[in-house]
Every structure is written in structure tokens, then in C-alpha cells.
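In what follows, chains are A, B, ... by sequence order, proteins preceding strands, each numbered from 1.
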There are 4 protein chains.
Amino acid sequence: MSPRTEEQFEEIRKSRKYQILEAALEVFAQEGYHKASISKIATQAGISKGLMYNYFSSKEELLKAVVEHGIEGIQDSFNDIDDDLDTPEELMIFIRGGINVIRQESHFYKLYFVVLFQADVYEIVKEKYQEMVGSMIEDVACYFKLKGHPYPLEKAMVLGSLLDGIGMNYLMAPEMYNLDIIEKIIFDIFK
Amino acid sequence: MSPRTEEQFEEIRKSRKYQILEAALEVFAQEGYHKASISKIATQAGISKGLMYNYFSSKEELLKAVVEHGIEGIQDSFNDIDDDLDTPEELMIFIRGGINVIRQESHFYKLYFVVLFQADVYEIVKEKYQEMVGSMIEDVACYFKLKGHPYPLEKAMVLGSLLDGIGMNYLMAPEMYNLDIIEKIIFDIFK
Amino acid sequence: MSPRTEEQFEEIRKSRKYQILEAALEVFAQEGYHKASISKIATQAGISKGLMYNYFSSKEELLKAVVEHGIEGIQDSFNDIDDDLDTPEELMIFIRGGINVIRQESHFYKLYFVVLFQADVYEIVKEKYQEMVGSMIEDVACYFKLKGHPYPLEKAMVLGSLLDGIGMNYLMAPEMYNLDIIEKIIFDIFK
Amino acid sequence: MSPRTEEQFEEIRKSRKYQILEAALEVFAQEGYHKASISKIATQAGISKGLMYNYFSSKEELLKAVVEHGIEGIQDSFNDIDDDLDTPEELMIFIRGGINVIRQESHFYKLYFVVLFQADVYEIVKEKYQEMVGSMIEDVACYFKLKGHPYPLEKAMVLGSLLDGIGMNYLMAPEMYNLDIIEKIIFDIFK
DNA sequence: TATGAATGAGGCTTCATTCAT
DNA sequence: CATGAATGAAGCCTCATTCAT
């Protein structure tokens, strides 16, 4: 067997890292930052505690990486929509996108809330989050301004908050929230 | 000289208990259940760690008591409204009530979220919360049914979620949320 | 009401002290020295923790007093017998006395073992105990010497140990030990 | 350089575990369960407090393991005898075995008593002890039944109690108990 | 004399992190 | 690169003891 090339090592590292990030996302979301233990995350990722520290220098760094990783996922989900937001139809698509994130990225969404309300944890990832949220709100505010709404920014905030609230409650009791109907109601409100 | 009377002891206990509950509410809301330490809560309350256990038998019990204490506060805020919810005016009063809670009971509101997303912690106070939230949603659903809305329950959930979302975001960045304008927008939506 | 006389005070103190000693004996025997809490003993005695310290300056002092108190009880039980030990009949009476102590003073007997095997606790009351045990062994050894036994001291120790062992096991499972039959067997052995 | 093999890890764990069990046996026997601190046991074993929990999940589990460990030791001491108990010679061997346990496994013997009289502690290891004691008593009762004794079970209990009592007193003051002479006396009694 | 609030040391346990191999 | 043994700080909780009233 010839020794592995540098590229192969790089490949291994990348896939390991992904493995760890996925495991960490799940555990953080399930248990919260402080309750989640490195040990459990390592087990979930199928590696040893020691190896974790080869990839992430501390629990905090791991969380930061998980959040970055998750934001990328969210942004991918929104990417097709984000571009333009001019017509009501596009707003509907945006809203539907938001609700789909709730449906599909529930792990990350949960982490989002878990992290948001853990002051010391939030500090760690504040910047990344605000960047993500800010740009979305801005886009939507643009739309409402275009439509002549007197308080476009606040209206956008209301929409954003509504989606957050739906997501939050849906995560708590998915069986009670019929997202299809709720989507219709939201359409009806913001059309 | 002479020993304290029973009333004196009761007085001491009552005021200490209040003192601890307030401190705990603040620290739990700030730090989350797991990060908040009994030690810190005791310091915040100006007492020794040991004394905490003279009033609450465990951290869990303390949390339960804090939540109960907080719910009482909330219910006081809503007291005048709870009764009937028939006219749009009454719904407006209800919404204003919700927003006032966000404004005034921000500690409890934060605790509400902090607890909601920590599965193991939520388990501790599930019952108390569900009772509070359930009855409110029901009242609002009744209103929408009365008004002939096709999905009254879901509509009520949307309103509830919106208030939750507003509360959440307001807590994260109060300086960015103009609650007066937002109140108007919500009125406009649900009138 | 005329103020209480000094004698009355003395009377109260004595009866309180007795009350505490009885409660402590029970709790110590039930829970062991380290597990037993002053709080529990006080409750059992029907007084406050603080008052305990008016009568006994520390937990250790309390234990010492309990043991002294208990030894007095045991010695009373043996008093009628101890005097002379010359005939087999008298030995029988002695043995029966020992077994009756097991039957009747089980609290103290239990404390005896509990204390005996708690090195630091034993240190506290070593002297008292050894004094009590030593004098009994001596008496019995005298008897066996009189009877011409080659190792009277050891024989006495065997009898003493047997009674201790019976007591120990009886306390662990009284329902399994038929003391009447066992008494007969012992008689048979040492007659 | 290269990572440890699984066998190396196993070796480490086995020897550490033994080290801890020995230390724990000594400290538990010396101090009793409640007084013995994990801290002290760890120090005695020459390891850190934290490491203890890598091997035993709690103080209770540690005690259980220590008792099991001790019972194995005892059973080794009795191994040659256990089989049959038919002739007086075999009973003598049994008795000698019991006395040798007193002599050689004094730590465990002391633990036996320490645990026996701490109700809550006894509860932890009840099963293990009862199994050990029960089978011994049974064997001896069988012997006395064979010999036509009217109360074989009680006679066996008397022998068991005698050994317990000897053990107890020997542990309290080994210098005063000449086990060789006592052995002879016991032989003489039960022959 | 009598109470129980208050303290603080110490015990059990968890867990992020380090390190020898 | 990979493992898990090992450490130590920190957290929850208990309890003997003190003290104001």
C-alpha cells in the first residue's frame, strides 16, 4: 500500500469534520449547549473524545462551527428565493421557503432557538446570526416599501417574527401544527 | 431576647422566598437553566447557597416555583381581559395585553423561551406552561370561530406564534423593535 | 404565677435530656452515627435543633451521652445476675440475662454494633464499652476457672462472642431467630 | 507514538480496578460507608477523584463491587471445603476455614459488619450477602440434621453466630483473642 | 429557655480538556 | 491519526453548628 497522498488526508479530514458537525448539531439541538457533552457528541459521531480536539479546539469552537455549518444549510434553502422580491408571488415563495425550512431543517432551527436564548452562547455566534437574519429582513422590508407600506421595516419584522414564532411552536408540538393551513393563513395575511 | 413569634418567622420566610424567586427568575432567564448555578442565584439573592435549600428543595423545584411565580405575574397582566373575547375591540385589548407582557415581564418571557427549548428543562414545567398557553389559545380560537373564520384554531395559533416571535426578537434586540408600531401592524392584520 | 424554683428548672432539664437521649438512641441505632442528623433527632425528640445544643454541645457529645445512658440500662438488666457466678444454674441465669438483653434492649444493642464498627465513633466511647464488657468476661472467666476449664478466659470469650453473634444476627432478622430454641442449645453447650 | 492496543487498555483498566477495590475495601472497612469519602478512597488508591467514576458509576456501585470482590476472596478461602459436610472432620475443616477468614480477610470481615448494621447500606448489598451466608448456614444445618440434632437449623445458626461473634471481637481487639485456643474450644463444643 | 433562619465546609458527581501511547 | 485514561474545577446538595430574636 502506498502512503496516502496529502489529498486523501484532506479528504478524510473533511468528511470527519462533516461527520462531527452533523452529530454535534443533533446533540446540541436536542440537549442544549450546556447539557450536551463532548463525550456524547463524540460517541454520536462515532469517534473518540480525543479526536474531537484534533478537529475543534474546544466546545465553543465546535458550536461556532456547527452554527456556521447550519447557516450555510439555511442559506442554501433560501438561495433560490432570496434574489428578487418584487411581486406578491415572490413573497409567497419566500414565505413558503421559510415554512419549508421549519419543516426540513428542524434540527438547525431548533439549534437556532436553543442558541438564541443562551446569552453566553449567543455571544459566540451573534455576528453570524445577525448577518443572516438582517439580510433577510432587509429584503422583505424592501418589498413592503415597494408596495407603499407605511412601516416597511416593522412589517418585515412582523413577518420574520411570525415565521420564528411558527417555527418555535411547531418544534415544540409538530403534531398540533398543521403547517399547510397555517401557510394559507399567512398568505392571506400578507398578500 | 424573647424568641421570635410564629408570625415573625412567617414574615421572614415570605420575604426571603420572594427575594429568591426574583433573583432566580433573573438568573435563569439570563443564563438558562443549566448554566445558571445555585451559587450565582444565591449571590444574586444576597444569601448563602445553603439557605436556598431551606426554601426550595432542589434546583428543579426552584425552577418550578419561579415559573409559577412568573405565570401569576402574567395572569395579573391579563386579568381584566381574560373574561370574554367577543368584539374586535376586546381582541385588540388582548393583543395589547400580550405586547405589554413582552414589554413589562421581559424576564419571565425570556425564561419562557429559555425553558421551552431545553427538552429536559421543559419537562420539569411542561404542565404549568401548557395550562397557561392552552387556555389562551382556546379563548382566541373561540373568537375566530365566532367571526366565522374557516380555521379558527390555526388562526389563533398564528396570533399566538406571532406574539411569541415578536417577544423573542424583542428580547434579542429591544432597541430595534418599536413595539408601538408593531402593535398597530398586528391590529391591522387581525382586525 | 410564681417564678419557677430552681428545682423545677432542674426537673425540666432532666426530663428534656432523657427525652433527647431516647430519641437519639433510636435514630442513631436506626441510621448509624454519620447518617443520623441532628435535625432528625431533634424532630424525633419534639424539640428544635437549637435547643439540642443547650443540652449537648455537639453531635459527638450527644453520642457519648447516649452510650452512657444505654450502658446504664444494660447494667441494670444484668445487675441481679452479675453478683455471683458459681453454679451452672447461675451461669444459665447469666446466659438467659444476655439473651433477654438482646430481646428487650434491641435499640441499644443495635447501637452497640453500629458504634463498634465505626472506628472514629468507637474511639469516642471505647473506654466505657471496654469497662462494661471486660467486667462481664472476667466474671464468666472466673466461673470457668472454678470449673477447672483449661482456658477459662478464652472460654468466657467464646460465650461472650456467641451472645454477641446471636444478638447481631437476631437484630438483622428477628423473625428467623427462635431465641427460645437457641437458648436451649446454648445451655446445652455450656452446661 | 502508536496508539495503545485494546489489550493495553484492558490491562490498565483491570489493574486500576483492582487497585481501587483494594483501597475501597480498606477505607470502607475502616470508616464505614458514610464516613468513607470517595476523595479518601481515591487518595488511598493513588488516583484522582474523577477517575473513580471512570471505573465505578457511583459510591453505591463501588460498594457493591467491593463486596463482590470480597466475597470472591472469601469463597476462595472456603473453596476446598464447600463441597461436602458429612464427617466431624469436615466440620472441623469448615470451622477452621471460618476462623482463617477472620484471620486473613480481616478487611472484608470488618466491612461485613460495618455494612450489616447500617440499614441503608445493607440494603445496597443485601442480596449478595444473603446468598453467601444462606448457602453456608444451609450446608451446616444439613450436617447437624445428618447427625440427628433436634434443631439442626438453629444449631447451624448458633455456629454461624459464634463465628460472627468471634470475628467481631477479634477485629475490635486482635491482641486479646488467641484464635488457636478459641478454635480448639469451638472444636470441642461442636465435635 | 426556645426557635428556626442562616452559614459554610465538605461530600458526591459531571465534564471539558490534556496526554501518553 | 486515534484512543481513552487521567485530571481538576465546578456544580448540586446536606448538615453540624451558630445566632438573632
> With a non-hydrogen cut-off below 4.0 angstrom, is D:Gln8 in contact with a base, only sugar-phosphate, or nothing?
Replying inline: sugar-phosphate
> In whole Å, what is the span from the CD1 atom of B:Ile20 to the C1' atom of E:dA5?
Replying inline: 11 Å
>> Is it the case that atom CD in D:Glu127 sees more than 12 heavy atoms from other parts of the structure closer than 6.0 Å?
In response: no
> Does D:Asn54 make a side-chain N or O approach to OP1 or OP2 of F:dA5 shorter than 4.0 Å?
Replying inline: yes
> Starting at the 5' end of DNA chain F, which residue's closest nucleotide do you reach first, D:Phe9 or D:Ile47?
Replying inline: D:Phe9
> Roughly, in whole Å, what's the span from CD in D:Glu11 to P in F:dA6?
Replying inline: 13 Å
> Tell me: CG of D:Leu62 to P of E:dC12, nearest whole Å?
Replying inline: 10 Å
> Judged by modelled atom types alone, do D:Gln118 and C:His34 share a side-chain donor-acceptor pair under 3.5 Å?
Replying inline: no
> In whole angstroms, how far is the P atom of F:dA5 from the CD atom of D:Glu6?
Replying inline: 11 Å
>> Centre-to-centre under 6.0 Å for D:Phe117 and D:Phe113, is that the case here?
In response: no
> Roughly, in whole Å, what's the span from CZ in C:Phe56 to C1' in F:dT18?
Replying inline: 19 Å
>> Does the structure show a Watson-Crick or G-U wobble partner for F:dT18, both distances under 3.5 Å? Name it, or say none.
In response: E:dA5
>> Can you confirm whether D:Glu11 is buried at CD, in the sense that more than 12 heavy atoms of other residues, nucleotides or ligands lie under 6.0 Å from that atom?
In response: no
> Using the benzene-type ring in the case of Trp, are the ring centres of C:Tyr18 and C:His69 under 6.0 Å apart?
Replying inline: yes
>> Would you say B:Arg16 places a side-chain N or O within less than 4.0 Å of OP1 or OP2 belonging to E:dA6?
In response: yes
> Tell me: CD of C:Glu10 to P of E:dT1, nearest whole Å?
Replying inline: 10 Å
> Does D:Phe9 reach the side chain of D:Thr5, with side-chain heavy atoms less than 4.5 Å apart?
Replying inline: no
>> Is there a side-chain contact between B:Arg13 and the phosphate of E:dG4, meaning an N or O under 4.0 Å from OP1 or OP2?
In response: no
> Taking for each residue the nucleotide of DNA chain F with the nearest heavy atom, is it A:Met52 or D:Gly46 whose nucleotide lies nearer the 5' end?
Replying inline: A:Met52
>> Please classify the nucleic acid contact of D:Tyr55 as base, sugar-phosphate, or nothing, using heavy-atom distances under 4.0 Å.
In response: sugar-phosphate
> Expressed in angstrom and rounded to an integer, what is the separation of B:Arg4 atom CZ from F:dA20 atom C1'?
Replying inline: 5 Å
> Do other residues, nucleotides or ligands put more than 12 heavy atoms under 6.0 Å from A:Glu61 CD?
Replying inline: yes
> Could you write nucleotides 8-15 of chain F as a row of B, S and -, 5' to 3', where a protein heavy atom under 4.0 Å of any base atom gives B, of only sugar-phosphate atoms gives S, and otherwise -?
Replying inline: B-B-SBB-
> For A:Ile41 and E:dT17, what is the distance between atoms CD1 and P respectively, to the nearest whole Å?
Replying inline: 11 Å
